[in-house]
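Keep in mind the model is a prediction, meaning the values are calculated, not measured. Computed from heavy atoms alone, side chains included, the values below leave out hydrogens, waters and symmetry copies. Per chain, numbering begins at 1; letters A, B, ... match sequence-line order.
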There are 2 protein chains.
Amino acid sequence: MLNKKFIINLFGLVLMFESLFMLLCGGVSLFYGEDDLMAFLYAALITFSFGFFPWLMTRNVKKDLIKREGYIVVTLVWVIMSVFGSLPFIFSGYIPRFTDAFFETISGFTTTGASILEDIEALPHGVLFWRSTTHFIGGMGIIVLAVAILPYFGFGGMQLYNAEAAGVTNDKLHPRITQTAKSLWGIYVSLILLETVFLMFGGMPLFDALCHSFGTIASGGFSTKNTSLAGYSPYIQYVVVLFMIFAGTNFTLFYFAWKGKWQKIKQNGEFKIYLYIIGIVSLIVAVSLIFTEHYGIEKAFRDSLFQVVSILTSTGFATADYTAWHGSLTFIFFILMFSGACAGSTSGGIKIMRHNILIRNSMLEFKRMTHPLAVISLRINKKVIPKEVVFKVLAFVMIYMIIFSLGSLSLTFLGLEFDAAMGAAATTMGGIGPGLGSVGPVSNFAHVAIAGKWILSLLMLLGRLELFSVLILFSPEFWRNN
Amino acid sequence: MLNKKFIINLFGLVLMFESLFMLLCGGVSLFYGEDDLMAFLYAALITFSFGFFPWLMTRNVKKDLIKREGYIVVTLVWVIMSVFGSLPFIFSGYIPRFTDAFFETISGFTTTGASILEDIEALPHGVLFWRSTTHFIGGMGIIVLAVAILPYFGFGGMQLYNAEAAGVTNDKLHPRITQTAKSLWGIYVSLILLETVFLMFGGMPLFDALCHSFGTIASGGFSTKNTSLAGYSPYIQYVVVLFMIFAGTNFTLFYFAWKGKWQKIKQNGEFKIYLYIIGIVSLIVAVSLIFTEHYGIEKAFRDSLFQVVSILTSTGFATADYTAWHGSLTFIFFILMFSGACAGSTSGGIKIMRHNILIRNSMLEFKRMTHPLAVISLRINKKVIPKEVVFKVLAFVMIYMIIFSLGSLSLTFLGLEFDAAMGAAATTMGGIGPGLGSVGPVSNFAHVAIAGKWILSLLMLLGRLELFSVLILFSPEFWRNN
């Protein structure tokens, strides 16, 4: 039996929580004296009502959640928050159509950063702040999801770090989350505040600094400017690069750094590969830019580093249009869309840990071929990776690629070009933002057909929740188990 | 110690064998009284000499080949035959540049069918026949490779059928091949003769019928006409479809059919999926053609079926230009390029069996998630597939995709567009022929830069030899083992 009442109780809490943030944005609106104040009050009132009454009626229920209910909650919470989160956009009249508003909101909550807005700077401050707040809330959710919930479900990148979490027998979800969540949120908020200070030091006003910090640390990518970060100083661009790199780092490493356990950070193979990828790919792109686009050395280095880090960490900020560069560079960015950064970060996509496991396991085949009778196991950081974990990772990547193909295919049916369709599917699944062709960094998703926007919204949700949390709800096994 | 002398002895034999086919083409040239006769005589003389003397000097050597030498022979034999096979093209002056001639020849021997020729009909009959003969020889080689040699090496699609072949302890390569090869070649030649008769019955002259049959059963795709099969009657097109389907079928099924073991054919899951894919995808494409291109029903059905079967079986004949159809259909063909047909056929690419194993193993994760304590094994046709086999298949697909990505990337560096680069890499690795964009079905590879042609030649070789046979030669493990 599903504990439906507790699920309703939780959703009630979440909506009340969401309405508080809407009120906060109403405060921003009041401060700037703009026309979106009433939109926030109405949206907050409706959202609060839809949260408060169900919560009130179920508040005495047994507060136990088993795994199956956990799956349902995790997926639906993202959808429900996006539905109500669309209200400020609709009520304010700045994104009148529900499809567009929902797309923008789920893009925010999944920290994707893909936008249907053609003129961002036309929005009032309150709406802009709500847009960036969806990143802030989404990022918080993801951290808990990646480090506490998914390993408990038995999958997700972090599970690969401590395999014992996968086999946990205690079926109660609650205590585990709250305990881990607090210290992670501490790190998350500290990083945001730190970046805000650094950005303001470079001359960015508090409002824009906060919005961009939300976008950076959540690896979201919504900016307050039409040209994203292209119009800012090199100092500010380098600050954003640094914090994007932080956002793509496994958050437990900050915890280790805080505790002074530098050895643990040094031992983290994924982090090392992450830095190597950034270094090597940025260098290749920078050198290519010097030769093909005749950029100066500093600009080539900065534009390359910014774009590589932005796509790799699935942030999606831009200081240049990589689709306007030589075709080979565009292709490099397309491949990067499938990489993702470290497990346990706010970044989306497949993540380096998974690639590392699959590629190294595949390379072992050569050893197995030359020593057919030996038992050769995959070891990472001197630990044997169980076959079951490799299978889980394999399943993830296979299903990722199948959904990517089906997603791209359905977008071509709706009229997107070959590169735009693949770029759109890759960037939404990876939680990045800009794609290729007509949905590249200097374009937006406004022109995509309505059905296409729903498909892309689904891809964002699937990618963000590491596929399985969503897909298992469609598996007959899941419901048969009752 | 490598048995170098026996390797040389084998290459000598192979070259003498190749020179005989050149003489045969000289005969064709003589028959038609055309200007390419001397080219064949010179080419045959040179090829024979490079074969005969090394063979003569090593003929008393111990005729034992162990696995490691097998790998070397398998890869190099394709390269050496392609080098000498280029001579008739060069000497006749019809493909004067070595790069082009080598590309055309290895495309023939790997039964890819990608061409650099802009006007096929300008070639004399002898050269045309040599071009198609490379398919004939290549197809023969592949059958033996797929059914006898690769399973012995411990990989390849067929190994999945009889897992015991993978763990074979007898280290002698020789007896196994000759025994299996004969019956397979019987089937191969019978199919070619049968198709030739059917084609002649539809009014095609013997010469063209033979060439097209070589191209069909080897799943090659070289035609004698500039418009491939577009100019022929519906009857002939349907005949070619039927025989392309045969070419994509596991050849052991013909053996079972011959022996009357129909039950064995019915039980073959891969064959069933193969027919389903053809049926379903053709139907989708046909219906789309009726609506988007306003084709008549028969033409929509025929053009769709022909193109789907041609790409799926990696043949590459064409009766229509799928890149001129709606973008979604082009994308379907792009995805089909990664499918391949049945293991143990002459078709290239990843093959259905491998997809089946990986997808079904991935789907099991949902079961494993809802029953975390149960041991759930992959079963196909009621047989448990060992984890080691899944890992081999995984390694194959991972490395395939990595090489595809690197291949596409290097082609974009050489100036190919996004779609053309991916299409070219996919079609050469899959052994298909036509790609997308500027290398689509109505275009050719003439305009690709020299470096690009070498990259594509390498991709053809890698794809055809199921990656590992070639890649293991670059593995330090392989040479350390000595």
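In this structure, CG in B/Leu416 is found 11.5 Å from OG in A/Ser328, a value given to the nearest 0.5 Å. To the nearest 0.5 Å, the span separating CD on B/Glu365 from CE on A/Met398 amounts to 12.5 Å.
Both the backbone and the side chain of B/Ile472 come within less than 4.5 Å of a heavy atom of chain A. For a residue to count as touching a neighbouring chain, one of its non-hydrogen atoms must lie under 4.5 Å from one of that chain's; by this rule A/Leu364 does not touch chain B. Neither the backbone nor the side chain of A/Leu414 comes within contact range of chain B, judged by heavy atoms closer than 4.5 Å. Of the atoms belonging to B/Ile332, heavy atoms from both backbone and side chain fall under 4.5 Å from chain A. Using a 4.5 Å cut-off between heavy atoms, B/Thr330 does not touch chain A at all. For B/Leu394, the parts sitting under 4.5 Å from any heavy atom of chain A are the backbone and the side chain alike. Residue A/Ser410: no heavy atom, backbone or side chain, is found under 4.5 Å from chain B.
Ranked by non-hydrogen atom pairs under 4.5 Å with chain B, the options A/Phe338, A/Phe331, A/Phe334 are led by A/Phe331. If you tally non-hydrogen atom pairs under 4.5 Å between each of A/Val397, A/Leu358, A/Leu436, A/Thr292 and chain B, the highest count goes to A/Leu358. Chain A forms the most heavy-atom pairs under 4.5 Å with one residue out of B/Met422, B/His355, B/Met363, and that residue is B/Met422. Note on B/Asn361, B/Leu329, B/Ile335: by heavy-atom pairs under 4.5 Å with chain A, the leading option is B/Asn361. If you tally non-hydrogen atom pairs under 4.5 Å between each of A/Leu471, A/Leu409, A/Ile402, A/Asp419 and chain B, the highest count goes to A/Leu409.
In terms of heavy atoms, A/Ala395 sits closest to B/Ser362 at CA-OG, 3.3 Å.
Below 30°, between 30° and 60°, or above 60°: for B/Phe418 and A/Phe418 the angle between ring planes is above 60°, a perpendicular geometry. In this structure, A/Phe366 and B/Phe468 have perpendicular ring planes: the angle between them is above 60°, well past the 30° mark.
Here the side chains of A/Arg368 and B/Glu388 are not in contact, with every heavy-atom distance at 4.5 Å or above.
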